[in-house]
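Here's the structure we're looking at; comments come further down.
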Amino acid sequence: MARLELPQTSADLYHSFRPNIVDPESFEVVTGRGNPPLADAVGKLLDRNITQPCTDFADGETAVQVEPNLRGRELFVLQSMTPRPNDRIQEMVLIADAASRGDARQTSAIVPYFAYARQDRKTRSREPIGVAAVANQFYGAGYGRIFTVDIHSEQAEGAFPRAWDNVLADNVLIPALEAEGLEDPVVLAPDMGSTKRADKLRAKLGKDADLAIVHKRRDVDKHDHSNAVAMIGDVRNRDVVINDDMISTGGTIYDAAMLAKQNGARKVYASAAHGLFVPKNGITLPERVLTPDSPIDKLFVTDSIEQGELVTNNPERIQVVSIAPVIAVAILCYLTRDSIGKRLIEFNSSSSDQK
Ligand code: R5P
């Protein structure tokens with residue numbers, strides 16, 4: 001199956017589009033305070049300085065002043081909505097408002113990690129649909145597009161009345177996984193909700209890969225609490241790749257890894273687009289992965305969320321793969337009216353996944 005070729009340098013990036021098609025004066029990129037290293041990486045690829053316009057007032061309100069002139073120009077606001085997602089969302093809203101008042105031509109939200117995405121439906125009476133509420137705020141603030149990586153459920157796109165493009169992170173995770181020399185791989189969906197995503201990864205890994213599924217039971221009365229109760233599929237003496245959109249406390253992926261090992265898996269690789277790594281009982285998933293009895297042999301995440309040294313300094317057990325080239329290509333697609341579907345999605349999807 002075809003593999004996505006991603007540019008690793010600014011020259012590669014611009015060369016992959018028609019030379020000179022992008023007028024550097026036609027656009028600006030700014031970032032909130034969600035993930036400065038990712039903004040630097042994207043800035044290097046786009047060959048421009050990405051400025052950060054947010055500061056705080058003494059009472060905790062966010063202050064914004066966008067430095068570059070925006071009149072008649074496209075503005076891309078790059079922001080992963082963590083840490084403190086509510087603050088990151090407010091930064092995005094204020095930047096869009098500043099852009100409208102600064103006469104920007106169009107403002108796009110480039111949000112590798114979109115918070116509230118798991119609140120995608122009512123599970124009980126009198127609950128909000130969080131992702132719709134945030135998307136509505138973005139529309140009201142003036143965003144004309146949203147770009148995300150591995151949004152929890154693609155139906156979220158329906159909550160925004162303009163273009164919402166979502167790209168899977170497996171495009172950058174697969175080469176890293178394949179470099180491990182997977183033998184007889186099985187992709188394990190850590191819950192029913194991730195089955196479709198896991199099956200897409202299985203198809204991209206090749207015809208010999210199989211699918212297995214964990215049945216997870218969630219306690220709706222307790223946030224961040226679930227139990228893996230059973231597994232469908234055969235993982236005995238096979239390399240298992242667990243894939244999820246995000247890791248929060250790590251309970252879901254760790255339990256799935258335990259089940260895989262108990263069922264005879266040879267090696268277990270855990271992979272996710274977004275590594276939030278929230279502590280559970282005082283310990284984060286990366287800390288658990290680094291213990292000698294961990295059922296996870298290696299963990300892979302993208303840099304959609306800024307990581308500390310524990311994650312970035314243990315490449316034998318934890319690998320961080322950059323999503324920056326995907327974001328840079330998406331921005332150039334918007335600027336050149338090229339197809340994100342053709343460049344970043346369709347080349348290895350079934351026709352039903354195309355957009
Ligand atoms: C939920 O269905 C998501 O796809 C993830 O499986 C979940 O958010 C992971 O949470 P945790 O790491 O806390 O188990």
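For clarity, every value in this text was computed on a predicted model and none was experimentally measured. Numbering of ligands and ligand atoms starts at 1, following listing order. Here, residue 1 is the first one in the sequence, and each next residue gets the next number.
When each atom of ligand 1 is checked for a heavy atom of S248 under 4.0 Å away, the hits are 10 (O), 11 (P), 12 (O), 13 (O). Ligand 1 places these atoms under 4.0 Å from at least one heavy atom of D191: 2 (O), 6 (O). Which parts of ligand 1 touch M246 is read off a 4.0 Å heavy-atom cut-off, strictly below it: atoms 5 (C), 8 (O), 9 (C). Of all atoms in ligand 1, listed by their number and element, those nearer than 4.0 Å to a heavy atom of K216 are 6 (O).
Distances from atom 13 (O) of ligand 1 to the heavy atoms of T249, L276, D244 put T249 nearest. Taking each of H152, R197, R118 in turn, the one with a heavy atom nearest to atom 2 (O) of ligand 1 proves to be H152. Between D255, D245, D150, it is D245 that holds the heavy atom closest to atom 4 (O) of ligand 1. Of the candidates T252, L285, V278, I253, the one placing a heavy atom closest to atom 9 (C) of ligand 1 is T252.
At least one cation-pi condition fails for R162 and F138: the charged atom is not both under 6.0 angstrom from the six-membered ring centre and inside a 45 degree cone around its axis.
Of all non-hydrogen atoms in E306 and P36, the two that sit nearest each other are OE1-CD, 3.5 Å. Minimum heavy-atom separation, I151 to F114: CD1-CB, 3.6 Å. The two residues F160 and A135 have their closest heavy-atom pair at CD1-O, 3.6 Å.
Grouping the Ile, Leu, Val, Met, Phe, Trp and Tyr side chains by contacts below 4.5 angstrom, directly or via other members, places I253 apart from I283.
You'll find the side chain of I247 reaches within 4.5 Å of the side chain of L299, heavy atoms only.
Within the structure, the closest approach of G250 to ligand 1 falls below 4.0 Å when heavy atoms are considered. Using a non-hydrogen distance threshold of 4.0 Å, K280 does not register as a contact of ligand 1.
Remark: D297 engages K261 in a salt bridge, criterion side-chain N to carboxylate O under 4.0 Å. Taking 4.0 Å as the cut-off between side-chain N and carboxylate O, D255 and K216 do not count as a salt-bridged pair.
Within the 4.0 Å heavy-atom criterion, neither part of H274 lies near ligand 1.
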